[in-house]
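Each remark here refers to the structure printed beneath this line.
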Amino acid sequence: MYQKLMDIYDRMYKHFGPRHWWPADTPFEVVVGAILTQSVAWRNVEQAIKNLKQAGLLDLVAIAHAELDELARLIRPTRYYNMKARKLQAFCRHVLENYDGSLERLFAKDLWPLREELLGIYGIGEETADSILLYAAEKPIFVVDAYTKRIFSRLGMVDADIKYGQLQRFFMDHIPPDVMLYNEYHAQIDAVGNNYCAAKKPSCGECPLRPLCGFASAV
DNA sequence: CTCCTGGATA
DNA sequence: TATCCCGGAG
C-alpha cells in the first residue's frame, strides 16, 4: 500500500510541483488562517488576514483583548464572521491564560495530548486541529479533509462514508511519519480537489490521477 | 440535522 | 442567477 500511495503522490507532485503550504509568515498566522478558512475559499482568508495585520490585530495578545465586534468586522470576508471572531479569541485566550501567550510552550507538548487539548478549545475540530499540528507546530500528523475523502473513495481505496479518524489512520498506517512529506501530500491532494476532482462536474480529462481512477473511467 | 451568513466565478 | 469554497457547534 505504501508503494501505491507514493505512486499517487509522485503523479500529483510531477503535475503540480511544490505547493509551498502553509502560506503564512508565522505559526500564529497559520493558526489564524486554519480557523478562518473553515468552509470558505482561501482567497477570502487572505483579505481577512490583511485586514487584521493592518489593524495591528494579527497578534495573540491583541486578539485576546479585542472587541468581538471589531474582530468580526475585520474578518468579514471569511463569512460566519461572528462565530469565527469568537473562535479566534477562544484560542488566543486559552494560550494567554495557560501558556503565558507562548505558542512555543503550547507546541512543546507531545502530538496526541496536544491534539486533545486543541480539540477542547471552542471552534477547533479535527481538521483545524490537525492543520495547526502539522503546519504550525510541525508535528507529523496527516491532515484529512473533504477532498481527501472524495479523491480516495473515487480511486476505490476507501469507503465513501469513512470517518475522519479512520481515513487519517489509513494514511498514517501506511506512510512513515515525516512532517515534510505529510505537508506536501496534503497540499497535493488539495490541488487535485480544487482543480479537478469537483463534487459535481469533475474535470477528469486533465487529472494526474486519471490512469488510476475507476471513477474517471466512468465519466 | 441546521445554523453560521462573503465573495469570486461562470 | 447558481454554485462552490482548505468546518465546527448545538
Side-chain angles (χ1 to χ4, degrees), chain A residues 9 12-13 16 18-25 27-52 68-94 115-139 141-154 161-168 171 179 181-204 206-207:
Chain A
Y9 175 79
M12 294 191 292
Y13 191 88
F16 294 108
R19 306 305 299 162
H20 307 295
W21 271 34
W22 186 287
D25 294 335
F28 181 68
E29 200 174 310
V30 174
V31 174
V32 172
I35 291 172
L36 293 184
T37 196
Q38 291 171 0
S39 198
V40 165
W42 181 254
R43 53 178 173 270
N44 297 42
V45 178
E46 292 182 311
Q47 184 58 50
I49 287 180
K50 190 180 303 177
N51 293 344
L52 288 172
L68 283 179
D69 287 345
E70 183 185 11
L71 266 182
R73 179 171 53 79
L74 294 168
I75 65 173
R76 192 156 168 268
T78 65
R79 210 174 179 202
Y80 315 128
Y81 39 83
N82 290 314
M83 305 291 289
K84 288 177 177 176
R86 285 179 57 201
K87 294 178 180 183
L88 287 178
Q89 194 165 72
F91 176 86
C92 292
R93 288 186 171 178
H94 179 88
R115 187 176 195 269
E116 286 308 305
E117 182 168 342
L118 291 174
L119 290 174
I121 300 173
Y122 175 80
I124 299 185
E126 292 190 289
E127 185 181 338
T128 305
D130 291 336
S131 294
I132 292 170
L133 287 166
L134 179 63
Y135 293 104
E138 299 186 3
K139 308 282 187 183
I141 191 162
F142 202 94
V143 178
V144 164
D145 62 359
Y147 289 147
T148 313
K149 184 185 298 187
R150 184 157 67 227
I151 292 167
F152 283 82
S153 65
R154 283 179 174 174
D161 59 357
I162 189 171
K163 300 302 178 187
Y164 186 100
Q166 294 178 303
L167 185 53
Q168 180 174 62
F171 287 100
V179 173
L181 179 57
Y182 282 11
N183 178 321
E184 193 63 44
Y185 207 127
H186 178 255
Q188 293 295 333
I189 288 173
D190 178 85
V192 172
N194 224 328
N195 293 291
Y196 303 117
C197 204
K200 287 192 174 180
K201 297 179 179 176
S203 309
C204 301
E206 310 300 318
C207 182

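Across all strands shown, A:K200 has heavy atoms under 4.0 Å from sugar-phosphate atoms exclusively, and none from any base. Among the protein residues, A:Q47 comes within range of no part of the nucleic acid, since none of its heavy atoms lies under 4.0 Å from any strand. Counting any heavy atom pair closer than 4.0 Å across all strands shown, A:I124 reaches sugar-phosphate atoms only and no base atom.
Ring centroids of A:W42 and A:W21 are separated by 6.0 Å or more, keeping the two rings apart.
Taking 4.0 angstrom as the limit, A:T128 places a side-chain polar atom (N or O) nearer than this to OP1 or OP2 of C:dG8. For A:N194, a side-chain nitrogen or oxygen approaches OP1 or OP2 of C:dC6 to under 4.0 Å. Under 4.0 angstrom from either OP1 or OP2 of B:dC4 there lies no side-chain N or O belonging to A:Y81. Phosphate proximity of C:dC6 to A:Y135: absent, as no side-chain N or O sits under 4.0 Å from OP1 or OP2.
Between A:D130 and A:R115, at least one side-chain nitrogen of the basic residue sits less than 4.0 Å from a carboxylate oxygen of the acidic one, meeting the salt-bridge criterion.
Ring geometry, A:Y182 versus A:F142: the interplanar angle exceeds 60°, so the pair is classed perpendicular (tilted spans 30 to 60°). Using a 30° and 60° split on the angle between ring planes, A:Y135 and A:H186 fall in the tilted class, from 30° to 60°.
Taking 3.5 Å as the limit, the base of B:dG7 and the side chain of A:N44 contain no donor-acceptor pair of atoms between them.
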